[in-house]
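A quick write-up on the structure given underneath.
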Amino acid sequence: MNHDSPSLHARHQAVLPSWLALYYERPLELTHGEGRHVWDAEGNRYLDFFGGILTTMTAHALPEVTKAVSEQAGRIIHTSTLYLSRPMVELAERIATLSGIPDARVFFTTSGTEANDTAILLATAHRRSNQILAMRNSYHGRSFSTVGVTGNSSWSPTSLSPFQTLYVHGGVRTRGPYAGLSDGEYIAACVADLEDMLQQTAGGVAALIAEPVQGVGGFTAPPDGLYAAFREVLDRHGILWISDEVQTGWGRTGDHFWGWQAHAENGPPDLLTFAKGIGNGMSVGGVVGRAEVINSLSANSISTFGGSPVTMAAGLANLSYLLEHDLQGNARRVGGLLIERLRAVAAGLDVVREVRGRGLMIGVDLVRPGTDEPWPEAAALVLEAARERGLLIGKGGQTGATLRIAPPLSLTVAEAEEGAGLLAEALQVAQGQLVTS
């Protein structure tokens with residue numbers, strides 16, 4: 001087979017949208033993977049610290065998942081939700097129990113965007129309101145409705161929206177008007193902002209949608225307890241809480257199985273959305289929530305591809321592997337070590353403003369030395385330098401100046417050490433090139 005990457009890139013540009021971004025000056029074609037490594041069409045091997053945007057959650061080519069997919073595909077690939085599906089019911093039972101939501105119901109979709117779209121549909125239908133609270137710097141998907149509740153201008157191609165969206169403070173701890181406050185003062189100020197905003201609204205707000213850790217926003221997070229404090233206000237007004245766990249679910253943060261559990265004083269959310277890691281690369285998303293809310297749709301609704309037998313088989317095998325091998329605990333232990341190593345690296349580099357995160361969800365903010373100004377050119381250069389050394393990472397943040405590090409949850413200590421060393425070299429190269437140029 002001829003893997004001519006420049007030719008493939010030209011073909012890509014000829015038939016795919018101009019806004020469909022590719023990483024790297026010479027875009028990569030990844031052909032296969034195993035464990036925490038992938039190979040490109042030229043035979044180069046890379047340590048994967050991004051997992052297809054946090055989606056290859058357990059490992060590449062995990063035998064338990066590939067076997068489950070192959071066996072199910074050999075029986076039947078598709079039926080739709082119009083027929084009973086044993087794999088769908090079994091995975092729904094497990095997710096309903098794990099969600100922490102009493103008497104939960106589960107609806108499967110094919111992506112995180114569609115999961116959030118469904119959650120907003122359910123909340124607005126249940127509350128009979130098109131007003132949505134969302135967080136500044138947030139990202140919830142690329143559909144028309146989810147763009148309408150995304151608070152990150154880099155990912156909002158239109159200001160048109162079916163909602164009246166009200167953006168509140170709290171998702172970014174170390175920037176903005178409350179950055180200098182203590183954690184307690186920060187939470188109090190954000191709650192006061194929320195209370196003030198609700199006094200300005202006409203009618204009842206349907207829901208707050210929030211990522212416990214903002215993914216595309218650069219792995220930023222509020223102090224633990226913020227959403228619990230918000231929940232007290234929301235409950236007084238009858239407003240639902242949607243926890244967007246597309247990136248934080250399944251133990252990635254290490255400390256908790258779900259991101260909302262860092263804010264658990266007032267119980268679980270009304271609706272929880274999930275996707276990415278559960279399918280380990282297969283297209284699985286969904287919403288789990290209180291029966292009263294999930295069952296409130298008054299019109300027909302099905303899913304042609306959500307709950308597919310093949311993707312449900314993958315999800316079941318992947319979830320079983322995750323739980324049996326305590327990958328949440330591994331994310332906590334190995335992620336803690338990785339953050340410690342990266343902070344030690346950053347201490348000697350003027351280009352790094354902050355290393356933050358929990359578990360295997362780590363953000364590295366890059367700034368122009370001597371300033372607090374984000375430096376997206378540095379992030380782009382680090383990505384290239386890391387790739388040259390055999391390490392794949394991501395980037396994000398409001399301006400694209402944050403490195404995003406999210407390896408598969410089975411990452412070993414040796415691989416964490418290796419990746420930290422490669423990233424240190426890439427950061428030093430970027431700082432040397434940009435500061436002296």
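Just so it is clear, the values below take in all heavy atoms, side chains as well, and ignore hydrogens, waters and symmetry mates.
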Take a 6.0 Å sphere around [atom1] of [X] and say whether it holds more than 12 heavy atoms from other residues, nucleotides or ligands.
X: Gln13; atom1: CD; result: yes
X: Glu25; atom1: CD; result: no
X: Tyr23; atom1: OH; result: yes
X: Leu30; atom1: CG; result: yes
X: Trp39; atom1: CH2; result: yes

Carboxylate-amine/guanidinium proximity below 4.0 Å for [X] and [Y]:
X: Asp255; Y: Arg332; answer: no
X: Asp40; Y: Arg26; answer: no
X: Glu195; Y: Arg236; answer: yes

Donor-acceptor pair between [X] and [Y] side chains, under 3.5 angstrom:
X: Asp117; Y: Ser145; result: yes
X: Ser138; Y: Gln214; result: no
X: Asn116; Y: Thr273; result: yes
X: His37; Y: Asp48; result: no
X: Glu324; Y: Ser320; result: no
X: Gln398; Y: Ser153; result: yes
X: Asp193; Y: His169; result: no
X: Thr174; Y: Glu354; result: yes
X: Ser129; Y: Gln131; result: no

How many angstroms lie between [atom1] in [X] and [atom2] in [Y], if you round to the nearest 0.5 Å?
X: Thr220; Y: Asn137; atom1: OG1; atom2: CG; answer: 5.0 Å
X: Asn152; Y: Tyr139; atom1: CG; atom2: OH; answer: 9.5 Å
X: Arg387; Y: Asn44; atom1: CZ; atom2: CG; answer: 7.5 Å

Do any N or O atoms from the side chain of Thr124 and from the backbone of Leu121 form a donor-acceptor pair under 3.5 angstrom? yes
CA sep, side-chain torsions, deciding dist, call: Thr248, His256, side chain to side chain contact (heavy atoms under 4.5 Å, CB included): CA-CA 9 Å; Thr248 50; His256 305 99; over 6 Å; no
Parallel, tilted or perpendicular for His325 and Tyr321, by the 30°/60° rule? parallel
Near-ring test Phe230/Trp241, centroid separation under 6.0 angstrom: no
Where do Leu337 and Glu417 land on the side chain to side chain contact (heavy atoms under 4.5 Å, CB included) test, with the steps shown first? CA-CA 8 Å; Leu337 171 74; Glu417 297 275 14; 4.1 Å; yes
A side-chain contact here means heavy atoms from C-beta on lying under 4.5 Å apart; do [X] and [Y] qualify?
X: Val106; Y: Leu91; answer: no
X: Leu198; Y: Leu133; answer: yes
X: Tyr46; Y: Leu391; answer: no

List the steps and the verdict of side chain to side chain contact (heavy atoms under 4.5 Å, CB included) for Leu226 and Cys190. CA-CA 8 Å; Leu226 175 76; Cys190 292; 3.7 Å; yes
When you look at Arg404 and Leu54, which way does the side chain to side chain contact (heavy atoms under 4.5 Å, CB included) test go after all the steps? CA-CA 10 Å; Arg404 297 172 69 201; Leu54 291 82; 3.7 Å; yes
